[in-house]
Amino acid sequence: MSDAILTGGARAPGEQQEPRLRIESAGDRVVATLDRPDRRNAIDQATVDELHELCAALEEQPRTLVLAGAGGIFAAGADIAQLRERTGDDARRGINAAVFDRIRHLPMPVIAAVDGFALGGGAELAYAADIRIGTPRARFGNPEPGLGIIAAAGASWRLPEIVGHARASELLLTGRVIDADEALAWGLLSSVHEPDDLLANAHAIADRIAANSPRATVLTKRALQAPRAAHPAIDGELQAELFDGADKRRRMTAFLDRKKP
């Protein structure tokens, strides 16, 4: 996966457009920063296109993904000017929902590093991550009903899975915005860090992931996303693949060797 693949974004021939994502890639991870601070990192069609492009690369060469936002804001929502002009047919296409679902199902973990507002579509992008960390100024909310629409890009099913049905119902029906302390207490955030330390802590999580077996990580994520009815059978099938693999024997042998007197 080359950096050149990740920095462009789909655009019409001859059209000049600033990239919506700023990409930094290393051997085992990619950091994608929404970089549209003049529009509070609003998620427009170009952002969606670039996220699809990023997902295609990470599906081909799996790596941990860290999502962040520039300028002290994660993403203040979808681009309202574009959203206002979308039709029922656009809604059925699930423009944002499709790319957020693709992010959710990337092979390797996704970490959302949330500083400032994550509202509407920005909140739904964060909900699609496997792990969310934030700063004291992180704010989450889904104000869509106040704009005459619903939160249709994942909030209605992902948020109840994260915080429970009653809390999700309150947020989605009232449009209330919660702060970092409440998000931490509800389990929406795993930890809170000062803004200058946020990415370092996201990298620390990625380091812990990188120390583990990549295949075991992929299959753990697959097990976590499987429906309840698939368990315990799916766990046995996934474990069977790992039991028959060379990495398990190598890692366990190294562990036992360290324990020898």
Side-chain angles (χ1 to χ4, degrees), residues 1-6 21 23-34 48 50-68 94 96-114 124-133 153-154 157-159 161-162 187-191 199-256 258:
M1 177 171 61
S2 71
D3 293 345
I5 291 174
L6 299 176
L21 300 179
I23 303 294
E24 302 167 74
S25 57
D28 57 20
R29 72 200 62 175
V30 171
V31 178
T33 302
L34 279 72
V48 169
E50 291 186 30
L51 287 170
H52 273 299
E53 193 175 358
L54 173 61
C55 286
L58 291 174
E59 289 160 356
E60 181 178 345
Q61 184 180 344
R63 293 195 255 180
T64 295
L65 172 62
V66 177
L67 292 169
N96 288 3
V99 74
F100 295 166
D101 202 51
R102 195 171 180 183
I103 289 168
R104 177 63 179 154
H105 290 94
L106 285 172
M108 290 291 283
V110 178
I111 303 164
V114 180
E124 290 176 301
L125 174 59
Y127 302 158
D130 299 288
I131 300 168
R132 285 161 298 279
I133 63 174
W157 71 92
R158 288 200 184 97
L159 191 58
E161 292 174 351
I162 299 167
L188 183 56
L189 289 175
S190 298
S191 57
L199 276 180
N201 280 276
H203 280 294
I205 295 170
D207 288 342
R208 292 185 65 89
I209 291 168
N212 295 327
S213 161
R215 188 59 184 165
T217 299
V218 168
L219 296 189
T220 296
K221 179 168 176 175
R222 191 173 299 172
L224 283 166
Q225 293 184 342
R228 177 62 185 87
H231 298 280
I234 191 172
D235 303 82
E237 288 302 318
L238 298 175
Q239 190 76 297
E241 177 187 328
L242 296 170
F243 270 23
D244 290 337
D247 196 40
K248 166 229 177 186
R249 179 166 293 276
R250 180 183 65 80
R251 286 173 176 267
M252 289 188 176
T253 298
F255 175 84
L256 292 172
R258 289 196 299 270

Nearest heavy atoms of Lys221 and Leu106, plus distance in Å = NZ-O, 2.8 Å
query = If we only count heavy atoms from C-beta on, is the Met108 to Asp28 side-chain gap below 4.5 Å?
reply = no
query = Name the one of Leu224, Ile234, Leu242 that satisfies side-chain contact (heavy atoms from CB on, under 4.5 Å) with Leu219?
reply = Leu242
key: Gln225 (side chain) donor-acceptor with Arg104 (main chain) under 3.5 angstrom   = yes
remark   = Closest heavy-atom pair, Asp130 versus Pro109, reported as atoms and distance to 0.1 Å, is OD2-CA, 3.3 Å
task = Find out whether Ile209 and Ile111 are in side-chain contact, i.e. whether some heavy atom of one side chain is under 4.5 Å from a heavy atom of the other.
result = yes
query = Taking the side chain from Arg158 and the backbone from Ala126, do they hold a donor-acceptor pair closer than 3.5 Å?
reply = no
Neighbour count >12 (heavy atoms, 6.0 Å) for atom CZ, Arg249 = no
query = Measuring from Asp207:CG to Asn212:CG, what's the distance to the nearest 0.5 Å?
reply = 11.5 Å
query = Side chain of Glu124, backbone of Gly154: donor and acceptor closer than 3.5 Å?
reply = yes
inquiry  = Could you report the tightest heavy-atom contact between Val99 and His52, atom names first, then the distance?
reply    = CB-NE2, 3.5 Å
query = Can you name the side-chain hydrogen bond (donor to acceptor under 3.5 Å, both in side chains) partners of Glu241, sequence neighbours left out?
reply = Arg215
task = Can you see which heavy atom on Ser191 is nearest to which on Ile133, and at what distance?
result = OG-CG2, 3.3 Å
query = Quick one: does Thr64's side chain get under 4.5 Å of Thr217's, heavy atoms only?
reply = no
key: Interatomic distance, Leu65 atom CG to Arg63 atom CZ [nearest 0.5 angstrom]   = 10.5 Å
inquiry  = Rounded to the nearest 0.5 Å, what separates atom CD in Gln239 from atom NZ in Lys248?
reply    = 8.5 Å
inquiry  = Within this structure, what is the CG-CD1 distance for the pair Leu54 and Ile23, rounded to the nearest 0.5 Å?
reply    = 5.0 Å
message = If I compare all heavy atoms of Ala128 with all of Phe100, which pair ends up nearest, and what's the gap?
response = CB-O, 3.6 Å
ask   = At their closest point, which heavy atom of Ala113 faces which heavy atom of Leu199, and how far apart are they?
value = CB-CD2, 4.4 Å
N/O donor-acceptor pair under 3.5 Å between Arg29 side chain and His203 backbone = yes
key: Backbone N/O of Leu188 and side chain of Arg132: donor-acceptor pair under 3.5 Å   = yes
